[in-house]
Amino acid sequence: MSPSTRRLIVNMGWLTLVILALWQGLYALIGDIALRSPLATLQFTAKFVTTPQFATHLAETSKAFVLALSIAMASGLAIGFVLGLKRFASDIFEPFLIAIYSVPKITLYPILLLVFGLGLSAKVAFGAIHGIVPIALFTLNAVRNVKPVLLKTARVMGLSSTTTIRTVIFPSALPEIFAGLRIGFSLTLIGTLLGEMFASQRGLGFLLMNAIGLHNVDVIVMLTFLLTGFAGIAGIVLLLINRRITAQA
Amino acid sequence: MTQPHIRLSDVEMTFSRPDGVGEDIHALGPIQLDLRHGEFFAVVGPSGCGKSTLLELMIGLTNPTKGTITFEGQPINGSCPDGIGVVFQEDASFAWLTVRDNIAFGLRRMALDRREQDERVEQALAMMGLVEFADVYPSQLSGGMRQRVCIARTLVTQPRLILLDEPFGALDQQTRLLMGDEILSLWRKTGATIFLITHALDEAAMLADRIGVMSSRPGQLIDIVETNWPKDRDSRIVENDAFGAVTARLWRSLRVESMKAIGKKDAQA
Ligand SMILES: Nc1ncnc2c1ncn2[C@@H]1O[C@H](COP(=O)(O)OP(=O)(O)O)[C@@H](O)[C@H]1O
Ligand SMILES: [Mg+2]
């Protein structure tokens, strides 16, 4: 383990302690009406995660998220590469993508519901549209910014265009593409959960919405805890991989 | 053999403006030039006179607007012939590959057995003084060392004509003299024809058999200087009186052109 990796993990440990302390402090202020203490949450979580009910919902969310992320990655990378390789096309479409990026996706939700109906496909679609645009934008820029001299080198070596994309453009653009994938990952997760909250009978998002309706504070705090923990850990892992890739560049 | 190694006849290059408005840029020519087999030819000229453009024409990256270029008797048309190796002005090392993998990159698609490939890579590492850096990534090297990686990457393909575009542009004077020695010994070992672009008159005077002097844009060859150095020369040639004479002649030809290049209109010979 490199010193910088160790430092990052130690820092995250401290950050976790600070968050736990703040949480405990907040609980002391608010009390049981809207919050649970860290300890109570851990106990409730430990009990709840072993129930078959939880397993079903978790499996549902995981399935939707994995599908949404695969779609977002595949289409985002494809759009980014196609546009990035053509300067003319990228000049036209980049402002368009940025505009889409800044549209609150929730405004598209009624349309998606009409098209896909309630259920898996709607939430997958909702997750994917959150992730596609940032992945496409980062990829587009990464591909467009590949140094011209590297492309000249590939041409002088007589590489075909597919070999050039595979062995020169892709590895050269990878650090920046990966940064896009990281952002795409968290936005797709948000999108998928939002999709479950508003249009689903299954999944962790639905569980959360249901708990809000029933004012079940135990479940609300537990789910917030679990989702934050997952997003945080995944974020750190992706950041570490990203650093490894960028260290060479 | 009387056939030149590479021949440029009436070569001219005009760029149209990217946005389509304004005058086209007449960057280069007309140029006539024959390189002999195995000679060391240097080109000097003020910046922006079209030296890099000339190099890109010689490797088929761009087609000339007028004229033809033939390499070993075959016209160059849109692609780089086998047998020509090039080192660009900008750093072209691959950041994601180790020094060794960078050097091997071009070899891997050649029909050579793996042992032969590995041998060539080790030779190139040794020749360019990179053995102890074989397993590091270019980001851990200085600019000069990265240029060496690019030179080694070209050498392994055993080119018969090597084009170098200001490969030592970023180095300090002392290091440049020593790199010059390395290029000379590389030239003797490989027997290749070398075409070196530089903006440093002393570098050209020290290294080359012949030096072409280019005018400011549109670049044309206004003088070709023969140095008559012995083949086993090295950087100590700068102590020689004849070295001063060559440099002086280069500067005489270039002074007016360089003044034009920095915008002095009333330049006089
Ligand atoms: N692709 C291009 N499009 C338009 N103009 C160019 C292009 N490449 C080079 N030029 C112009 O041609 C001239 C010569 O450039 P270059 O060959 O790079 O000069 P040098 O290498 O001698 O410094 C410059 O004025 C440059 O602006
Ligand atoms: Mg140049």
Side-chain angles (χ1 to χ4, degrees), chain A residues 2-5 77 80-81 84-92 94 138-139 141-181 240-249, chain B residues 18-19 52-53 55-63 76 78-99 101-111 135-141 146-147 149-151 153-154 156-157 159 161-163 165-167:
Chain A
S2 77
S4 73
T5 307
L77 286 172
F81 264 95
L85 291 170
K86 292 250 168 274
R87 159 138 269 135
F88 183 64
S90 62
D91 285 350
I92 293 177
E94 192 185 14
F138 271 79
T139 307
N141 267 301
V143 169
R144 195 172 46 182
N145 291 342
V146 171
K147 288 197 299 181
V149 71
L150 300 185
L151 303 179
K152 286 181 192 172
T153 304
R155 273 191 61 194
V156 168
M157 289 177 171
L159 305 187
S160 67
S161 31
T162 45
T163 313
T164 303
I165 292 178
R166 191 167 50 80
T167 61
V168 177
I169 297 179
F170 181 73
S172 169
L174 186 60
E176 222 180 311
I177 291 177
F178 200 86
L181 292 180
L240 285 175
I241 300 176
N242 207 163
R243 281 199 189 169
R244 269 192 88 117
I245 302 174
T246 333
Q248 295 161 12
Chain B
D19 47 10
S52 298
T53 305
L55 175 128
E56 297 203 351
L57 295 173
M58 291 167 77
I59 52 178
L61 273 184
T62 1
N63 285 323
I76 290 178
S79 72
C80 184
D82 286 337
I84 302 187
V86 56
V87 178
F88 290 105
Q89 190 169 4
E90 305 90 6
D91 169 27
S93 60
F94 296 141
W96 58 95
L97 297 177
T98 61
V99 167
D101 291 341
N102 258 283
I103 297 174
F105 186 90
L107 274 184
R108 295 288 180 244
R109 23 161 244 110
M110 291 173 76
D135 297 310
V136 309
Y137 289 92
S139 59
Q140 293 158 268
L141 298 176
R146 280 185 231 164
Q147 256 333 354
V149 174
C150 296
I151 296 175
R153 187 171 66 192
T154 298
V156 288
T157 62
L161 170 63
I162 303 175
L163 312 179
D165 193 353
E166 305 199 22

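Everything numeric in this text was worked out from a predicted model, so none of it was measured. Chain letters run A, B, ... following the sequence lines, proteins first and then strands; every chain starts at 1.
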* Asked: For A:K147, does the NZ atom sit with more than 12 other heavy atoms under 6.0 Å from it, leaving out its own atoms?
  -> yes
* So which part of A:K152 gets closer than 4.5 Å to some heavy atom of chain B, the side chain, the backbone, both or neither? -> both
* Identified side chain to side chain contact (heavy atoms under 4.5 Å, CB included) partner of A:T164 from the options A:T153, A:L150, A:V146, A:I169 -> A:I169
* So which of B:E56, B:Q89, B:R153, B:R109 has the largest heavy-atom pair count under 4.5 angstrom toward chain A? -> B:R109
* Asked: Is there a side-chain contact between B:P138 and B:N102 (heavy atoms, below 4.5 Å)?
  -> yes
* **Close side-chain approach of B:F88 to B:L55, heavy-atom, < 4.5 Å** => yes
* Against chain A, work out which of B:T157, B:I59, B:D91 has the most heavy-atom pairs shorter than 4.5 Å and name it. => B:D91
* To do: Counting only heavy atoms closer than 4.5 Å, note whether B:S93 contacts chain A via side chain, backbone, both or neither.
  => backbone
* Considering only heavy atoms, which portion of A:T163 lies under 4.5 Å from any heavy atom of chain B: side chain, backbone, both, or neither? -> neither
* **Over 12 foreign heavy atoms within 6.0 Å of CG, B:D82** => no
